[in-house]
Amino acid sequence: MSANPYPLGLRLDGRRVVVVGGGAVATRRVPALLDAGADVLLVAPELTPALQARVDAARLRWVPRRFVPEDLDGAWLVQVAIDDPIAAAAVSAVADERRIFCVRADDRAAATAWTPAVTRHGPVTVAVLGGGDPRRAMTVRDAIRDLLGARKGPLLTPGVEEGALPHSTGGRVALVGSGPGDPELITVKGWRLLTEADVVVADRLVPGLLLDELRPDVELVDASKIPYGPSRAQEEINQILVDRAMAGAAVVRLKGGDPYVFGRGGEELLACAAAGVPVTVVPGVTSSIAAPAAAGIPVTHRGVAHEFTVVSGHVAPDSPASLVRWDALAGLRGTLVILMGLKNLAAITETLIAHGRPPGTPAAVVQEATTGAQRVLRSTLGAVAADVDAAEVRPPAVVVVGDVVGALDE
């Protein structure tokens, strides 16, 4: 580039941004645009499962076809997230004619705008441009993040020369819990391993802004498991972890919540162990505790509840496949937290009531906890299933049953 770029913070709230492409690059860039409040139009014949989930949640609009010039009508910015240089050049040519700034994933030199390396710390956002060198920008970004207090320890990772990025010396896998939804709730160790990763295998429920902060050369594998929809088989995910690690990569399996709380992390650890791949497990903040807390509900409270029980509701109570003793749970006095239970909520509540849990027991449902889209529905055990249907509450959502639901309201 013959001149330095002019740094600028774009206020995109309510303004149209067009993203062309529905693959891994778009998966990483769209969350930051949505976080900025942009009106995102996604143009692509196909989408990753993670992007499809955002479309289904009405977070953005998807046009399932190839780009046409009219797609840029009313746009303030366009992000070209495809690796076909001819198609990308055609999009940027239309943007140039209309004087719309264009970010290109395939060719930074041909773009009229660059996506900087970004770190966020509360209300502070720092964007770093490295003169066309993404690695330089990421190194400076990481140092600034340390100074802001988002990471403890030295400014640069120990053992790495200044100006260089961490790189693995041997293949390994880290099972990292990313927390309940807020990107700042990932642990310090989890975030550090994410910055060192060569490959990231991510679930649908991981905070999208974490993906936006990955190095540009990181391979992102979308292992989304959409409830009752298309998903990668667990065996395929296991094989991806093993194959990438055996090839010498530092692999992070990024999971929503905690890897071992209904996250099938144990299966992935066993698969890696059988192949001789070393594994590090980084616990995450589980939604079973975080979702109630975010809604102002303590799972235990002095004089109200001395225990809490976490169960999965993805299998109906009357199914032979169910491993949950719902009759025994009905007799407990403490807090009951149900994950993945919306589909079977009516059957679950009927079963609990049939075995003695009073229908007037306070209940609450927390949708998309700790995110900007969080919703809280308060009800009773006898009415919560109907209330959820009427309010059109959707997954991911956590159900809480017990007197703690109203403990802090008194």
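Counting from 1, the numbers follow the sequence of the chain as shown. Below, all heavy atoms of this structure are taken into account, side chains as well, without hydrogens, waters or symmetry copies.
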Student: Charged N to carboxylate O under 4.0 angstrom, R264 versus D203?
Tutor: no
Student: Is it true that E196 and R192 make a salt bridge, defined as a side-chain N closer than 4.0 Å to a carboxylate O?
Tutor: yes
Student: Among L336, L332, T380, which residue satisfies the side chain to side chain contact (heavy atoms under 4.5 Å, CB included) criterion with V401?
Tutor: L336
Student: Would you mind checking if D198 and R215 are paired as a salt bridge, meaning a charged N to carboxylate O distance below 4.0 Å?
Tutor: yes
Student: Could you check whether any side-chain N or O of R204 sits under 3.5 Å from a backbone N or O of A53, counting only pairs where one atom can act as donor and the other as acceptor?
Tutor: no
Student: Carefully, step by step, assess V30 and L34 under the rule side chain to side chain contact (heavy atoms under 4.5 Å, CB included).
Tutor: CA-CA 6 Å; V30 163; L34 296 177; 3.7 Å; yes
Student: Any idea which heavy atoms bring C102 and V80 closest together, and the distance?
Tutor: SG-CG2, 3.6 Å
Student: Does R333 have more than 12 heavy atoms from other residues, nucleotides or ligands lying within 6.0 Å of its CZ?
Tutor: no
Student: Closer than 4.0 angstrom, basic N to acidic O: yes or no for R135 and D133?
Tutor: no
Student: Is the shortest distance from a Lys or Arg side-chain nitrogen in D71 or R65 to a carboxylate oxygen in the other one below 4.0 Å?
Tutor: yes
Student: To check you understand the geometry: which heavy-atom pair defines the closest contact between A81 and V25, and what is its length?
Tutor: CB-CG1, 3.7 Å
Student: Would you check if the side chain of D212 reaches a backbone N or O of P31 as a donor-acceptor pair within less than 3.5 Å?
Tutor: no
Student: Determine whether a donor-acceptor pair (N or O, by modelled atom type, separation under 3.5 Å) exists between the side chain of Q367 and the backbone of V393.
Tutor: no
Student: So, R394 and E368, do they make that salt bridge, N to O below 4.0 Å?
Tutor: yes
Student: Between V311 and W326, is the side chain to side chain contact (heavy atoms under 4.5 Å, CB included) condition met? List the steps.
Tutor: CA-CA 10 Å; V311 297; W326 293 102; 3.7 Å; yes
Student: For residues G341 and I348, report the shortest heavy-atom separation together with the two atoms involved.
Tutor: O-CD1, 4.2 Å
Student: Please determine which of R16, R15, R61 meets the side chain to side chain donor-acceptor pair (under 3.5 Å) test together with D39.
Tutor: R16
